[in-house]
Amino acid sequence: MGHTAEAEAGSGGLTATEHRLANGLRVVLSEDHLTPVAAVCLWYDVGSRHEVTGRTGLAHLFEHLMFQGSKQVHGNGHFELVQGAGGSLNGTTSFERTNYFETMPAHQLELALWLEADRMGSLLTALDDVSMENQRDVVKNERRQRYDNVPYGTAFERLTALAYPEGHPYHHTPIGSMADLDAATLEDARNFFRTYYAPNNAVLSVVGDIDPEQTLAWVEKYFGSIPGHDGKPEPRPGDLPEVIGEQLREVVEEEVPARALMAAYRLPHDGTRACDAADLALTVLGGGESSRLHNRLVRRDRTAVAAGFGLLRLAGAPSLGWLDVKTSGGVEVPRIEAAVDEELARFAAEGPTPEEMERAQAQLEREWLDRLGTVAGRADELCRYAVLFGDPQLALTAVDRVLDITAEEVQEVAKARLRPDNRAVLVYEPVGGTADGTDSDEEEGADR
């Protein structure tokens with residue numbers, strides 16, 4: 001066992017301790033004996049921002065390959081062993097990380113740790129052309145089902161490409177293009193594993209009904225012999241000017257059930273007070289049925305059937321404020337856009353009311369409690385703050401920083417950023433120029 005940091009910080013009695021193995025693996029433990037379950041979460045510091053031109057989608061493809069067997073676990077064995085033990089599992093890929101997670105009955109914790117260590121240390125033993133082709137087809141089919149063949153499915157991809165210029169590491173989304181998925185070779189996948197899947201490029205969190213001493217002994221037993229390496233290249237810088245400087249626009253004619261106005265505003269990086277202020281601004285403006293845009297467009301004007309405004313937090317690039325409005329009946333998009341701009345201008349001029357601030361802060365506090373209220377959610381948050389900000393303890397106090405934001409800060413970020421010359425706009429027009437006013441079930445914006 002290498003360096004061990006004993007730290008107790010938190011809110012509501014939550015605590016976490018951090019440890020580090022000699023090979024560089026960071027381990028975060030949080031005891032919670034309320035229920036007899038344990039969550040294992042492993043974040044690798046690699047996402048789509050690390051990919052190069054011509055090989056987009058490789059991080060996400062590799063996430064799938066991690067479930068195709070390793071030295072001692074063949075085929076679909078990872079799923080079979082976890083589910084057979086009464087647990088659940090999955091993995092996801094984003095711009096900034098790839099994560100893998102299991103929630104197990106507490107007495108099956110050792111199994112989850114062994115499985116994660118086996119594929120971290122020996123995946124190349126099982127990686128071959130058969131598994132590569134199998135998962136390439138799975139990912140391509142996922143793209144068809146969630147992006148290409150559903151209403152508004154390519155909106156996230158299109159707006160991201162508009163908001164981040166060509167060559168920017170966030171210009172493409174984690175799902176990747178069909179052409180790049182076809183071009184990926186087995187050697188590409190092997191090199192990707194050798195570069196990024198090392199213990200010193202990962203954080204492991206274990207949360208729940210655990211014995212910390214026994215858990216650390218298992219971690220050392222299964223992960224301690226996996227060698228680290230220092231060959232990972234730094235991701236390309238993602239910094240951009242605070243304001244785009246113009247309105248970028250694209251009109252899409254597709255078979256969609258209603259006209260839609262979507263926009264992405266360039267906002268401060270995650271981990272800053274300004275980002276928390278932006279989150280509160282978007283919550284007041286479009287976070288639920290009590291928000292200003294919902295009240296204006298859906299309730300009062302009845303020009304829209306849905307109106308929302310949310311924040312895509314990003315640490316390595318400007319975050320995005322995500323506006324999504326589906327029109328009602330034959331309402332034209334310019335009418336919606338004018339009303340949105342009117343509400344944003346009023347908010348920038350006046351700021352939030354005390355009641356709106358209290359409601360928005362309470363809403364974000366509830367969302368934070370929801371995330372940390374489950375062992376799986378807490379494990380994920382501890383990994384997130386360790387990988388992106390260097391300190392897992394920040395996960396336990398995040399709500400304090402949101403509650404410390406003032407109305408003046410919220411107004412300031414809205415005035416500086418929520419303006420027409422700082423957005424990428426996507427307008428959906430139904431084929432034939434008519435819409436029936438019905439809404440659709442939308443896929444999540446980000447991959448997975």
Side-chain angles (χ1 to χ4, degrees), residues 145-163 173 244 246-267 278 281-312 320-349 356 360 363 414 417-446:
Q145 291 179 338
R146 301 188 60 229
Y147 286 75
D148 297 336
N149 297 332
V150 295
Y152 317 107
T154 60
F156 181 68
E157 191 172 46
R158 291 174 184 273
L159 269 181
T160 300
L162 279 176
T173 57
I244 296 173
E246 60 179 317
Q247 183 172 209
L248 307 172
R249 198 175 193 88
E250 182 178 341
V251 178
V252 181
E253 294 187 0
E254 286 185 0
E255 291 184 7
V256 292
R259 292 189 180 92
L261 170 67
M262 301 184 189
Y265 292 77
R266 188 177 291 176
L267 294 176
L282 300 188
T283 302
V284 171
L285 287 164
E289 295 185 359
S290 63
S291 67
R292 290 195 181 195
L293 290 177
H294 185 89
N295 281 327
R296 168 71 184 271
L297 300 172
V298 180
R299 287 184 176 173
R300 195 193 87 180
D301 296 352
R302 297 186 178 180
T303 54
V305 294
F309 216 165
L311 179 64
L312 174 62
L320 292 181
W322 205 266
L323 175 71
D324 187 348
V325 182
K326 304 297 191 309
T327 68
S328 176
V331 175
E332 300 281 346
V333 168
R335 182 179 174 189
I336 294 286
E337 196 166 3
V340 168
D341 286 343
E342 184 179 315
E343 291 299 324
L344 296 187
R346 180 181 296 115
F347 188 76
E356 287 176 327
Q363 185 171 329
R417 302 296 190 100
L418 300 181
R419 34 192 262 200
D421 67 344
N422 187 37
R423 69 185 177 202
V425 177
L426 199 61
V427 175
Y428 275 91
E429 288 287 347
V431 173
T434 60
D436 62 13
T438 59
D439 195 20
S440 69
D441 292 329
E442 290 189 82
E443 298 288 326
E444 287 185 8

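Interatomic distance, S291 OG to R299 CZ, rounded to the nearest 0.5 Å: 8.5 Å. In this structure, L282 CG and L312 CG are separated by 11.0 Å, a value rounded to the nearest 0.5 Å. With rounding to the nearest 0.5 Å, the separation of OH in Y428 from CG in D324 is 9.5 Å. Q247 CD to R423 CZ: the interatomic distance, rounded to the nearest 0.5 Å, is 4.0 Å. Annotation: the span from D341 atom CG to I336 atom CD1 amounts to 11.5 Å, rounded to 0.5 Å. Here I244 contributes atom CD1 and D421 contributes atom CG; the two are 8.5 Å apart, rounded to the nearest 0.5 Å.
Heavy atoms only, all atoms of each residue included: V305 and V298 are closest at C-CG2, 4.1 Å. Heavy atoms only, all atoms of each residue included: L297 and A339 are closest at CD2-CB, 3.7 Å. Smallest separation of non-hydrogen atoms from V340 and L261: CG2-CD2, 4.4 Å.
When side chains are defined from C-beta on, P151 does not count as touching E255, because their heavy atoms never get closer than 4.5 Å. Counting only heavy atoms from C-beta outward, the side chains of R335 and T327 never approach each other to under 4.5 Å. Using a 4.5 Å heavy-atom threshold, the side chains of E332 and E337 count as separate. Contact of the V325 side chain with the L293 side chain is not registered, since no non-hydrogen atoms from C-beta on lie closer than 4.5 Å. Within the 4.5 Å cutoff, side-chain heavy atoms of V427 are placed close to those of R249. Considering only heavy atoms from C-beta on, R296 comes within 4.5 Å of E342 through its side chain. Annotation: side chain of L418 is in contact with side chain of L285 (closest heavy-atom distance under 4.5 Å). The closest side-chain heavy-atom distance from Y152 to L426 is not below 4.5 Å.
Of the possible donor and acceptor atoms, none in the side chain of E250 sits under 3.5 Å from a partner among the backbone N and O of R158. R146 places no side-chain N or O within donor-acceptor distance of the main-chain N or O of G153, the cut-off being under 3.5 Å. Distance alone, capped at 3.5 Å, places no donor-acceptor pair between the N422 side chain and the Y265 backbone.
For R302, the CZ atom counts as loosely surrounded, since its 6.0 Å shell holds 12 or fewer non-hydrogen atoms of other residues, nucleotides or ligands.
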Give the intermediate values and the outcome of side-chain contact (heavy atoms from CB on, under 4.5 Å) for residues E429 and V333. CA-CA 9 Å; E429 288 287 347; V333 168; 4.3 Å; yes

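Ion pairing of R300 with E343 is absent here, as no side-chain N (NZ or NE/NH1/NH2) approaches a carboxylate O to less than 4.0 Å.
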